[in-house]
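Note sheet for the following structure.
All values below come from the heavy atoms of this structure, side chains included, with hydrogens, waters and symmetry mates left out. Labels below follow one simple rule: chain letters A, B, ... track the order of the sequence lines, proteins then strands, and each chain is numbered from 1.
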Amino acid sequence: MSDPLAVPPAGPAPEREVATDMVRRALPVAPVLVVAAALPWGLDGALSAAFAVGVVVANFLLAAFLLETAARLGHGAVMGAALFGYVLRLALIGAAVWAVKDLSWVEPLPLGLTLIVTHLGLLLWELRYVSASLAFPGLKPGATKESASR
Amino acid sequence: MLANLAILAQEAAEEGITNTGLAALTYGIAALGPGIGIGYLVGQSVQAMARQPEAAGMVRTTMFLGIAFVEALALIGFVVFFLGQA
């Protein structure tokens with residue numbers, strides 16, 4: 001009997017789809033956040049907000065890439081990729097913010113707030129879409145009759 | 001609990017532990033919870049995929065979003081740490 005943890009999960013990889021969806025949604029939101037940060041903090045705030053949006057988007061893409069790659073290897077790899085990926089991505093976010101924190105254009109408050117607002121905002125937005133398409137697959141944009149009946 | 005934290009902060013101040021050290025310690029503690037959460041979440045998801053492979057797509061979608069939500073807690077901890085530094 002084969003090791004169940006070494007068996008790759010069946011089916012298509014949804015992580016990349018979810019992550020690219022979130023990146024697509026971030027594109028129109030980013031200018032709004034940048035302008036919102038520019039109002040009280042000026043150009044420095046705008047640059048800091050733009051940097052934060054970039055960090056969040058890169059974080060989502062890296063998470064999707066790690067999980068998708070691990071899923072091809074097996075369930076055990078998914079477990080490892082999720083846990084070590086969490087540590088790795090936190091370290092990368094920390095390093096990215098740490099690398100720029102002393103630069104002249106960095107405003108800590110808009111940088112920090114944009115990190116949290118973008119991360120949670122994009123997630124909630126995607127969650128609305130995902131929960132609707134899981135509950136009513138036929139309503140998913142681009143869904144065919146065949147995929148809806150699956 | 002609050003009294004204990006106050007005593008810890010007082011001891012830290014007496015021993016010359018800086019705000020940076022305390023902020024780093026707080027961030028470390030803040031990262032523990034999400035680590036446990038992600039471990040539990042992914043463990044349950046892997047079990048669900050092993051039991052019901054045909055639902056793997058749905059499980060992986062919700063697992064990915066769940067991981068990102070749990071990670072938001074750690075991100076908030078990091079931002080508080082970062083703002084405490086600034």
Between [atom1] on residue [X] and [atom2] on residue [Y], distance to nearest 0.5 Å:
| X | Y | atom1 | atom2 | result |
| --- | --- | --- | --- | --- |
| Ile93(A) | Glu71(B) | CD1 | CD | 5.5 Å |
| Thr61(B) | Leu127(A) | OG1 | CG | 11.5 Å |
| Glu17(A) | Arg60(B) | CD | CZ | 11.5 Å |

Against chain A, label [X] side chain, backbone, both or neither, depending on which of its atoms sit under 4.5 Å from a heavy atom there.
| X | value |
| --- | --- |
| Ile67(B) | side chain |
| Val42(B) | both |
| Ala31(B) | both |

[X] versus [Y], closest heavy-atom pair with distance:
| X | Y | answer |
| --- | --- | --- |
| Tyr86(A) | Pro34(B) | OH-CB, 3.2 Å |
| Gly57(B) | Pro14(A) | O-CG, 3.5 Å |
| Ala74(B) | Leu90(A) | CB-CD1, 3.8 Å |
| Phe60(A) | Phe64(B) | O-CZ, 3.9 Å |
| Met79(A) | Gly39(B) | CE-O, 3.3 Å |

**Q.** Most chain B-contacting option - heavy-atom pairs closer than 4.5 Å, from Asn59(A), Val97(A), Leu120(A), Val56(A)
**A.** Val97(A)

Q.
Could you check whether any side-chain N or O of His75(A) sits under 3.5 Å from a backbone N or O of Gly43(B), counting only pairs where one atom can act as donor and the other as acceptor?
A. no

(Q) Quick check on Leu122(A) against chain B: is it the side chain, the backbone, both or neither that has a heavy atom closer than 4.5 Å? (A) neither

Q) Under a 4.5 Å heavy-atom cutoff, which of Leu75(B), Val80(B), Leu41(B) has the most pairs with chain A? A) Leu75(B)

Q) Pick from Tyr27(B), Phe78(B), Phe69(B): which one has the most heavy-atom pairs with chain A under 4.5 Å? A) Phe69(B)

Should [X] and [Y] be counted in the same cluster of Ile, Leu, Val, Met, Phe, Trp and Tyr side chains packed under 4.5 Å apart?
| X | Y | value |
| --- | --- | --- |
| Leu103(A) | Leu115(A) | yes |
| Leu109(A) | Ile116(A) | yes |
| Leu111(A) | Leu83(B) | yes |
| Trp98(A) | Trp105(A) | yes |
| Leu92(A) | Met22(A) | no |

**Q.** Within 6.0 Å of CZ in Arg16(A), more than 12 heavy atoms from elsewhere
**A.** no

